[in-house]
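Let me begin by presenting the structure, written as structure tokens, before commenting on it.
Quantities reported herein were computed from a predicted structural model and do not represent experimental measurements. The figures that follow rest on heavy atoms only: side chains count, while hydrogens, waters and symmetry mates do not.
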Amino acid sequence: QVQLVESGGGLVQAGGSLRLSCAASGRTFTSYAMGWFRQAPGKEREFVATISQSGGATYYVDSVKGRFTISRDNAKNTVYLQMNSLKPEDTAVYYCAADRTHGGSYYSYEYDYWGQGTQVTVSS
């Protein structure tokens, strides 16, 4: 069992930056690839980024490439999402998720554990 707690969301102006954190409980954090997803009002949850267990492989949705960076600190059981050059269309609830089996995935159904989400609002 893994519990995930996100933090770092908030209100920011367009062009600004935020860093989201996701702290994981348990002693098996390195067994999980981690992902970030987001869900805007009235829209389906969408993939944002994923990182492999070691941190050596990362993948992003095209709309955030060059602006967002996913990273992890396995000593702290934490995964991060650095978000720069934020746009109003990045406004959403952001969720982190843990994937035990696939080494990271674009598909939300392949993740085993989810956090409660943190709100990011970007004003124009």
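Among residue pairs with one or both ends in residues 72-82, none qualify as salt bridge (charged side-chain N to carboxylate O under 4.0 Å, His left out); sequence neighbours excluded. Contacts classified as salt bridge (charged side-chain N to carboxylate O under 4.0 Å, His left out) and involving residues 95-110 (residues at least two apart or in different chains) are given here: R100-D112. Pairs of residues two or more places apart, or lying in two chains, that qualify as disulfide bond (SG atoms under 2.5 Å apart) and include a residue from residues 9-124 are C22-C96. Among residue pairs with one or both ends in residues 32-54, those qualifying as salt bridge (charged side-chain N to carboxylate O under 4.0 Å, His left out) are R38-E46, R38-D90; sequence neighbours excluded. Among residues at least two apart or in separate chains, ring-ring contact (aromatic ring centres under 6.0 Å, His included) pairs with a member in residues 36-56 are F37-F47, F37-Y111, F37-W114, F47-Y106.
Taking 4.5 Å as the limit, some side-chain heavy atom of V93 sits within range of a side-chain heavy atom of Y95. Between Y94 and E6 the shortest side-chain heavy-atom distance does not fall below 4.5 Å.
Note that the OG1 atom of T50 and the OH atom of Y107 stand 12.5 Å from one another [nearest 0.5 Å].
Although no hydrogens or angles enter the test, the distance criterion places no donor-acceptor pair under 3.5 Å between the side chain of T58 and the main chain of I51.
For T121, the side-chain hydrogen bond (donor to acceptor under 3.5 Å, both in side chains) partners two or more places apart in sequence, or in a different chain, are Q119. For the side-chain hydrogen bond (donor to acceptor under 3.5 Å, both in side chains) test, no residue two or more places apart in sequence or in another chain qualifies with Q3. Applying the side-chain contact (heavy atoms from CB on, under 4.5 Å) rule to S54 yields the partners S52; only residues at least two apart in sequence or on another chain are considered. For S123, the side-chain contact (heavy atoms from CB on, under 4.5 Å) partners at least two apart in sequence or on another chain are L11, Q13. Contacts of Y59 classified as ring-ring contact (aromatic ring centres under 6.0 Å, His included), with partners at least two apart in sequence or in another chain: none. Applying the ring-ring contact (aromatic ring centres under 6.0 Å, His included) test to Y60 and every residue at least two apart in sequence or in another chain returns nothing.
In plain terms, the two heavy atoms of G104 and A33 that are nearest each other are N-CB, 3.2 Å. Of all the heavy atoms in L4 and A24, the pair that sits closest is CD2-CB, 3.6 Å.
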Anything under 3.5 Å between a donor and an acceptor, one on a side chain of residues 79-89, the other on a protein residue two or more places apart or in another chain? List them.
| from | atom 1 | to | atom 2 | distance (Å) |
| --- | --- | --- | --- | --- |
| Q82 | NE2 | N84 | OD1 | 2.9 |
| N84 | OD1 | S17 | OG | 2.9 |

